[in-house]
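Source: prediction; values computed, not measured. Letters A, B, ... are given to chains in the order of the sequence lines, protein chains preceding strands, and every chain is numbered from 1.
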Amino acid sequence: MSLLEIAGLSVQFEGRDGTVPVLDNIDLEINSGDRVALIGESGCGKTVFGMSVMRLLPSNARVTGSARYAGRDLLLADEREMQQVRGKKIAMISQNSASVLNPVLTIGDQIAESLTIHTSCRGKDLHREVIALLTSLGIERPEENMQKYPHQFSGGMRERILIAMALACNPDLIIADEPTSGLDALVKAQILELLRTVMQDRTLLLITHDLGTASALASHTAVMYAGEIVEYGPTQELFTYPLHPYTQGLIAASPSAGFHPIPGVSPAPGQVPPGCWFCPRCTCATDRCSTGHPSLKKTGTNRQVRCLRYD
Amino acid sequence: MTRNAFLWISVAILAVYFTVALLAPFIAPYGATEITGSPFQPPDSGHLFGTNDVGQDIFSQLVYGSRVTLIFGFCSALLSVSISTCAGIVLGYYGGNLDEVVCRILDILMPIPIFPLLIVLTTFFNPGIVQVSILMGVLGSIHGIRLIRAPALSLAETPFIEGARSIGATDLRIMSRHILPNLMPVVTAKFVSSSQHYLVMGVGLSFIGLWDTMTVDWGSMIQNAYSSGALSLGLWWWILPPGIAVVGISLALALAGYSLEESFNPRLEVNRI
Amino acid sequence: MIEVDAVSKYYTSGFFSRIRTYAVEDVSLSIRRGETLGLVGESGSGKSTLGRMMLRLVEPSAGRIVFEGIDLRALKTPAMRQLRPRMQIVFQDPDTALDPRMTIWESVAEPLMVWQQGSRHERDDRVLELFAMVGLQPELADRRPFELSGGQKQRAAIARAIALEPEFIVLDEPTAALDLSVQAQILSLVQVLRKRMNLTLLFISHDLQVVEQMSGSVAVLHKGRIVEYGRTADILHCPAHPYTIQLVEAARRSEVWFGKQRGNPGPGDGAG
Amino acid sequence: MIDGHYLLRRIGYSGAAFVICVTLTFFILHLMPGDYITNYLLSISNYLPQEAVDQFYQQYGLDRPLWEQYVIYVCNILQGHWGYSYQYGLPVFPMIMQKLTWSLVILLPAVLLGIAIGIVLGAWSGWKSGGKKDLALFNFMIVFRAIPEFWWAIMAVWVFAFSLQWFPLGGFTSISVLSSGLNPWDVLYHAILPICLLTSFIVAGNYYVMRNSMIAVIGEDYITTARAKGLDERAVLWRHALKNALLPMVTMTTFQVAGIIMGSVFIETVFSWPGIGLLTTDALRMRDLPILEGIFLLDALMTIGAMLAADILASHLDPRIRMGDQ
């Protein structure tokens, strides 16, 4: 059953010097129980994607297309409706940094907040609920820790708190934006293990640049390049038999494969070459690659790729 | 109107003021304290802005008065910002015990009210414009040093400064070629806002009688007119010109300051789109 | 080539406090000419401090640092300055590694200016040569850092570091802030330059897999102390210290997650 | 809960600041040509009987070593003996205190109103930043602040008191006080214009700081986090943005309020309001050093106290200071 169905989603930012396209014509279907990873390098628009679904982009963003959640297009919903969706139906684990938690509120208050808005849970029940959440995420001495302020926690603990906040109302879909960036190797491994456990029977949209995180958590993976999806498929299959030259290049560039670099640089938003956007960096590009822009084609049962070689 | 337009208009206005102050003897028809007509003469071709209670030409007083006002405002701002910048950069760059000691001293000095202190000191020294400018500049830099030191400190900790040290650049080169240029936006904005602040303060101090009665400047002109009842006597030409002159330069500096601040503070800018 | 002998760095809080907080405690290691030593540790383990102390960018509190037989701590500031061109550093975050108000050209040329090397004309030639060495297009020369991508900035930072032909370079997590594909580009650039210029490197990283690719020996730093030090292959295969064991395990695990799904990758073998 | 060391240090700083102020005034008095007793006596009478001088010398300890004089001076200051005015020959302390009461009549309502209105307007403007109404208000405030305070006061007198004749030209009471005694309504009638002006100066200062602070806060990640939880805009503003935006305000407001003594000098001079401000102008014209020093000491005491209070309040509001930042 399709939980979130995104079709033709494009985002442009209006700036002083005209509009800058960031996302182009994204189609993505997330079924209930899927854990979909969106992989891409910095600047490819993957964070904007998550924010556009939540309708949290700044006012100079122009979003077109549709994002149907439970039969309702979120992009058309009014603010009041969105407030009912955010946190309750779709929750977000933001990119971890020291500033994502409010420095003047205790973490207990901040976790309890979404419960207070979306449920009738109050007083003692609320307290118990928060403690249960903290315990389930491996935060020791929850009674004591919920009285503390964000600056008293380490990066790993803050990540757990962020996860607790997202899980509080038991949402249908969780959007996790780079949940492991900025963490040390050991802490990162712990958080990944934790996420694997708590996300076991949930629906997840994981946004990351880290292939390891994606392969550890996701059932399906979409690879983004310069604001469009270039390849989609079940994670295991996709990493074993990558079809798109960019995906192949990414995997070859990873440490365990020995750092074979992809030549060139990603195009800046709004400065994509004609034809296939990856063409200038592609090792197997032909003449027609520099003229015709490929579309996302189905190959095989469950896989899609945007490359002229598979036409 | 765009921010740049504001900035250029302000610069043009300031240029006019400076020209007038520089070329005062050529512009003013009479001397500042010269008695050139009968008292309370309304504006006419001989006395552009009329005359005051003793028959001095108000236009000439205005022109000569600009010198006192501008010297006080800009000199004290220049001094204060120079002290703040040099001290701030040195403290921020070297850090360590010197920084710690100076910062604690500044912490202690911070709540001492500058304005009454200035009044006490000027009463004690009974000084001229230059001395008060110096006093004002020194006292004002107590706040300024902190303002410059903070960004200088965070700059000094950025890798490109370490990088400059690692290629063997001398401390002087690092401070003058790397830290100072990167601080210029802050310093410029601070200079413009301080000039406005000090200029208005100078006129204000003169309005309440800081200088001796012989000094002609906009503040004492307003004070003279106001206390002699220019308002109730309907002698608008006596009190309006110096007031409008102050308002004009103060507005120009304020607009320039805000335009600068906004163009250097990307956060404010983003929110303006 | 460079030897670190029982070096410590501690901070005291306040004037009168006797409580010392150690960033680096009693560390000894040595790097031979042409060798690359990997330095692994989590954030806050003191690895950056150690790297900076080896260049005396941070003043050690105790111990000796000997570079080519010269005790660095005994040197006065001018003598140390004379030694600086022989040792360089490349930083983690390319955004802050270059002066934002200088063009790329000015940044790369600055070391040559400081040491008054050659005429203006010769300097220009040298900068062009450096641009070519690190793979920067000459048309980027007049841009400022914010107009470049992370990878380009890091290339410029490397060009600046090698401008004076140093013998020893500290690479402080040079790719931690970069994307995967750019990381590979930079690392292979470092390898090429190392061979070409016979550089001695200290490669600081939190990523065991990166260090494995880059260096023959590795030191593991934990809470300011070296807990393991030896050949990379040995340590990865049979780590002795509990911390290293955890670290290797974590790396292995993510490799398993990823590696078991990875078949036969490579840019050339498309499934066309 | 407050970090004790922090509190102690702050109190220590405040004490040191006051000691510096007292030392300053002591040395200024002592560096005056002649000594301050002779100056004082000369200013009230041309004839100086030697016995009177000697008596004063003994009483003020002027025959003792400098450090003893200093100790005596500090003790006197602490006990409220702030010297004698050259001009009136009266003790300075009660004089200043009496004027202070009058100043507070206009200062107190102005400060309270000014802070409240300034914060509300600034918060609203920052929250709506970029909008038409915000920009209109912001530009108005820039212009308002750029025009000197005394000029606003003069213009206000001209328009409201002289032309429209809504308010009296100045002073604190009508001439009828001689016959019927002080009437609170009459005083209020005289105070309204000065209070309004002072209030608007404080509003303008606080507005600008609060707006900037608000703009900085709404760009923070935790605001996005709060929205992502499903909070409505009101809750985001009240629960998350406002408290954070108020933190820098605490200190800035204190600076503003401490600076208002200058604004009140102008207002009181223009309106002939018999408070500290008018006293300052008077003393400045007459070069009456003891009064000016007294005003300086009083202002210093008030500012130092206000800053200390602000520090404590800030540390109470901000857990990062309260817990001692790591």
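With a 4.5 angstrom heavy-atom cutoff, Gln110(A) touches chain D via backbone and side-chain atoms both. Contacts between Ser99(A) and chain D at a heavy-atom distance below 4.5 Å involve backbone atoms as well as side-chain atoms. With a 4.5 Å cut-off on non-hydrogen atoms, Leu247(D) touches chain A through its side chain but not through its backbone.
Considering only heavy atoms from C-beta on, Met165(A) comes within 4.5 Å of Lys229(D) through its side chain.
When each of Lys88(A), His118(A), Met92(A) is scored by its heavy-atom pairs under 4.5 Å with chain D, the top score falls to His118(A).
The heavy-atom pair separating Leu317(D) from Val104(A) by the smallest distance is O-CG1, 4.2 Å. Smallest separation of non-hydrogen atoms from Pro103(A) and Pro319(D): O-CG, 3.1 Å.
Note that CE of Met82(A) and CG of Asp232(D) are 14.0 Å apart. Values are rounded to the nearest 0.5 Å. In this structure, OG1 on Thr224(D) lies 10.5 Å from CE on Met54(A), to the nearest 0.5 angstrom.
Remark: the backbone N or O of Leu105(A) is not paired with any side-chain donor or acceptor of His240(D) at under 3.5 angstrom. Between the side chain of Thr225(D) and the backbone N or O of Val100(A), at least one donor-acceptor pair lies under 3.5 Å.
At most 12 non-hydrogen atoms from other residues, nucleotides or ligands lie less than 6.0 angstrom from NZ of Lys128(D). Under a cut-off of 6.0 angstrom, the local environment of CD in Glu140(A) is sparse, with at most 12 non-hydrogen atoms contributed by other residues, nucleotides or ligands.
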Checking Glu113(A) against Arg239(D) for the side chain to side chain contact (heavy atoms under 4.5 Å, CB included) test, could you report, in this order, the C-alpha distance in whole Å, the side-chain angles of both residues, the deciding distance, and whether it holds? CA-CA 10 Å; Glu113(A) 201 170 23; Arg239(D) 269 182 66 81; 2.5 Å; yes
